[in-house]
4 protein chains.
Amino acid sequence: MSRAQTARRKRANGVESWQRILDAAVEIAGERGYEGTSIAAVSAKCGLPASSIYWHFKNKDDLIAAVIERSFETWRAAVVLPGETAGTPLETPRALATNVAKSLVDAPDFLRLGLMLALERRPEEPRGRAVFLQVRDIVRDQVTETIRVLFPELDEDAVRILTSYAVAGIDGLFVQQEMTGEAVDLVTLFELHAQLVYEAAIRMATRSQV
Amino acid sequence: MSRAQTARRKRANGVESWQRILDAAVEIAGERGYEGTSIAAVSAKCGLPASSIYWHFKNKDDLIAAVIERSFETWRAAVVLPGETAGTPLETPRALATNVAKSLVDAPDFLRLGLMLALERRPEEPRGRAVFLQVRDIVRDQVTETIRVLFPELDEDAVRILTSYAVAGIDGLFVQQEMTGEAVDLVTLFELHAQLVYEAAIRMATRSQV
Amino acid sequence: MSRAQTARRKRANGVESWQRILDAAVEIAGERGYEGTSIAAVSAKCGLPASSIYWHFKNKDDLIAAVIERSFETWRAAVVLPGETAGTPLETPRALATNVAKSLVDAPDFLRLGLMLALERRPEEPRGRAVFLQVRDIVRDQVTETIRVLFPELDEDAVRILTSYAVAGIDGLFVQQEMTGEAVDLVTLFELHAQLVYEAAIRMATRSQV
Amino acid sequence: MSRAQTARRKRANGVESWQRILDAAVEIAGERGYEGTSIAAVSAKCGLPASSIYWHFKNKDDLIAAVIERSFETWRAAVVLPGETAGTPLETPRALATNVAKSLVDAPDFLRLGLMLALERRPEEPRGRAVFLQVRDIVRDQVTETIRVLFPELDEDAVRILTSYAVAGIDGLFVQQEMTGEAVDLVTLFELHAQLVYEAAIRMATRSQV
DNA sequence: TATGAATGAGACTTCATTCAT
DNA sequence: AATGAATGAAGTCTCATTCAT
């Protein structure tokens, strides 16, 4: 162990400040959206002066984008790691649904803030919105890939429709939970969703083979 | 003392002004959300000075709430009226899905602004959020009722789950459209959604009869 | 009794509205001073729209001046009427002190608002301030006259000094009561004040005779 | 008056700015009271933008409270320092009266603003009012102590009455000066006041010894 | 690696007042 | 004898951002 690690705290520590700022920003932005997130509020919550925030981030846009990025990583870790031990392909959709549901109950900042940004339509779109949509496309591609692997006989159109429906369901169920505050049924609903998509895929595949 | 008497013909017409303010506000709030909607912007768009807006609405909260209320009425008119000529009960779900899809393409302000408000979690929740959630519950109750009528053998739990899933799907599909900007598939996806919910209901009903 | 008096209320009644406005204004101005008294607040308290206030009073200045005038009349009635049955000259100062003390406990709006106005030094002085100072001079003259009658041998200078001191004491004691909120000692203190002024006058008169 | 010192000073100097803001605020608030003191006016007078005022003071309330605090210190210095060379106890009351009178002629902002605040009775009392009443209690305690030392045989009740009367006289005489604008007689009146209180104390002490 | 101080622009809201009805 | 509606000016305060240290 290096001695620097245990040296007196409170010393200027770039990484720690960076983390503290993001921790504060993720909380506020997750509550109030882009416009509602003021540098002053972030400063008050993290204890660092506003000018220090500007030392770490070029501007507010940059900060929000970083928030999205980091909270996406957090969420991805929560949803992917437990899934890596997933079993047979047939079980995967349901197990994945459960994982996704749980991850959204635990770390909802990513999706909440992202959706808020995505729903806005301001003249110059914030970089955070672009980052979210980009990151979202990655997830979407993974869903598409999964569907392709599970149902290779589906044509492109069907895959696209199913992907859209699958992802939209996630959003919708998440939104509902955020609105009603009940986390109770979320897992049930996600599993229902997974099952319905699965069956729809089977039927589509069958039909296209005819 | 002489005063500039450029008689800007400003006939006092409360109702018309009220409408003009709301027209402007609905547009801006639908694009930028609660915080992004400044009174100055509304004033600029409707042509009335900011102080006149405060004659008609107690404050910004009040204005946004009124925006939600009125845009809900607009939306409801768009989705309900064409549905009143709906045919047999069996056809209703699909026809309704088509109607809802079309209404959301045409007049999306209500749901976009509502979802933005609903996703926020600020300490002092805006009245508009409460209005949206309230109005949303009305819609939800109608969905519940429809399901009960179509599938009387379903137990309470199943009805609740199906209602949640049906409504969540609407939100999710709408959000997706807003994000990608493609209105193309929306109707298709809504019909798929209606069909899947319908089939799920049938299966649940069958199972519960056993 | 005329029948008009008992006719249906709520009819437009100039005098009654005028009273209601003043009643509201006296309360607010007594609490918040000149600048703190907004027409909107008066309107809210009296139930009449702001424009109606402007029908009865030329402007805010006019309203405040009227408030001073009316509350002075109220106060004068309270302090003078009981004094008219006052007995011998020797008793008068003490009895008057008691009367004044009581009147200031009961109807303090006049003096409180007046002092607030008088202490301010704005570029263009409100008419209310002038009215107060004017009215105050009347009271002062009465004090002067009383002293002259009681102690005819005093020279002009002594009379002026005594008058100033007597009136200043009233203000000071009133201010103290307003600040501490204790009405308990007010009468005692006023009587002490009267006595001290009386004795000072006697000594001055004696000295000037030598 | 001497504000245009150096053109365009950009140097960050917190203490100096703080002083400049208070200097401007004390002048305006002393003239116009709480409501009449606008941040814009203070900004114009001190040359710093309004937003800079908010860097140094949380809000207007905070600013006014600071004004009271600082102008009290100024006043206390003016009244206490010359008094430290005061001679024998017997002379003290008269000498003190002279000092107080002079200090109120020279630096009247403290008391003028304080009295304005104290006379107001708004629902949410400004912090400045509390500060003034607090500071005033300190002065009152000193008066009480002085009386106790000079007349140890007086009972508590008599001391309280005399203190109240002594302090009230100061307020009243000050108010009178502010209203009439004549500083001429102020010293004379203060000395008369001191003498009358002194004699009243002697008589009370004598009586209580009987 | 920060941060105290500053700042113009703009936020929401209230102001006193007017005017057509 | 009123009043609904309107309005420019001004109110307090926060905004994102900069810059010298």
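Values below: every heavy atom of this structure, side chains too, minus hydrogens, waters and symmetry copies. Nothing here was measured: the structure is a model prediction, and the numbers come from that model. Each chain gets a letter, A, B and so on, in the order its sequence line appears, and its residues count up from 1.
A straight line from OH of Y54(B) to C1' of dG4(F) spans 20 Å, rounded to a whole angstrom. Taking atom CD of residue E16(B) and atom P of nucleotide dG4(F), one finds them 19 Å apart after rounding to whole Å. Per the geometry, CD1 belonging to I53(D) stands 17 Å off C1' belonging to dC15(F), to the nearest Å. In this structure, the NZ atom of K58(D) is 18 Å from the P atom of dA5(E), given to the nearest Å. The interatomic distance linking R32(B) (CZ) with dA11(E) (P) rounds to 10 Å, in whole Å. In this structure, the CZ atom of F57(B) is 15 Å from the P atom of dT14(E), given to the nearest Å. Between the C1' atom of dA20(E) and the CG atom of N13(B) lies a distance of 13 Å, rounded to the nearest Å. Remark: C1' of dA1(F) and CH2 of W18(C) are 16 Å apart, rounded to the nearest angstrom.
Across the interface with DNA chain F, nearest-nucleotide mapping of E35(D) and L48(C) shows L48(C) to be the residue nearer the 5′ end. Summary of the strand contacts: S52(D) and A50(B) both lie near DNA chain E, and taking for each the nucleotide with the nearest heavy atom, the more 5' one is attributed to S52(D). Both A40(B) and Y34(C) lie near DNA chain E, and the one whose nearest nucleotide falls closer to the 5' end is A40(B).
Residues E27(B) and K45(B) meet the side-chain proximity criterion, which asks for heavy atoms closer than 4.5 Å.
Donor-acceptor pairing under 3.5 Å, judged by distance alone, is absent between the side chain of W55(B) and the base of dA6(F).
Salt-bridge annotation for R129(C) and D61(C): absent, with no side-chain N of the basic residue lying under 4.0 Å from a carboxylate O of the acidic one. Classification of E35(C) and R122(C) as a salt-bridged pair holds, one side-chain N sitting under 4.0 Å from a carboxylate O. Ionic pairing of D109(C) and R121(D) is not present here: no N-O contact between side-chain nitrogen and carboxylate oxygen is shorter than 4.0 angstrom.
For the OP1/OP2 pair of dA6(E) and a distance below 4.0 Å, the side-chain nitrogens and oxygens of S17(D) include at least one atom meeting the criterion. A sub-4.0 Å separation between OP1 or OP2 of dA6(F) and a side-chain N or O of H56(B) is present. Put simply, S38(C) has no side-chain N or O that comes within less than 4.0 Å of OP1 or OP2 on dT14(E).
A 3.5 Å limit on both hydrogen-bonding distances identifies dT3(F) as the Watson-Crick or G-U partner of dA20(E). When Watson-Crick and G-U wobble pairs are counted only if both distances are under 3.5 Å, dA9(E) pairs with dT14(F). Pair assignment for dA9(F) gives dT14(E), based on Watson-Crick or G-U wobble hydrogen-bonding distances that are each under 3.5 Å.
Of all heavy-atom pairs spanning I64(A) and L117(A), the tightest one is CG2-CD1, 4.1 Å.
Within the nucleic acid shown, T37(C) comes within 4.0 Å of sugar-phosphate atoms alone, with no base atom in reach, counting heavy atoms only.
Closest contact between the side chain of P49(B) and the listed nucleotides dG8(F), dG4(F), dT17(F) involves dG8(F). Nearest nucleotide to the I39(C) side chain, out of dA16(F), dT17(E), dA6(E): dT17(E). The side chain of S51(A) sits closest to dC19(F) out of dA5(F), dA2(E), dC19(F).
Cation-pi check for K60(C) over Y54(C) is not met; the charged atom does not lie both under 6.0 angstrom from the ring centroid and within 45 degrees of its normal.
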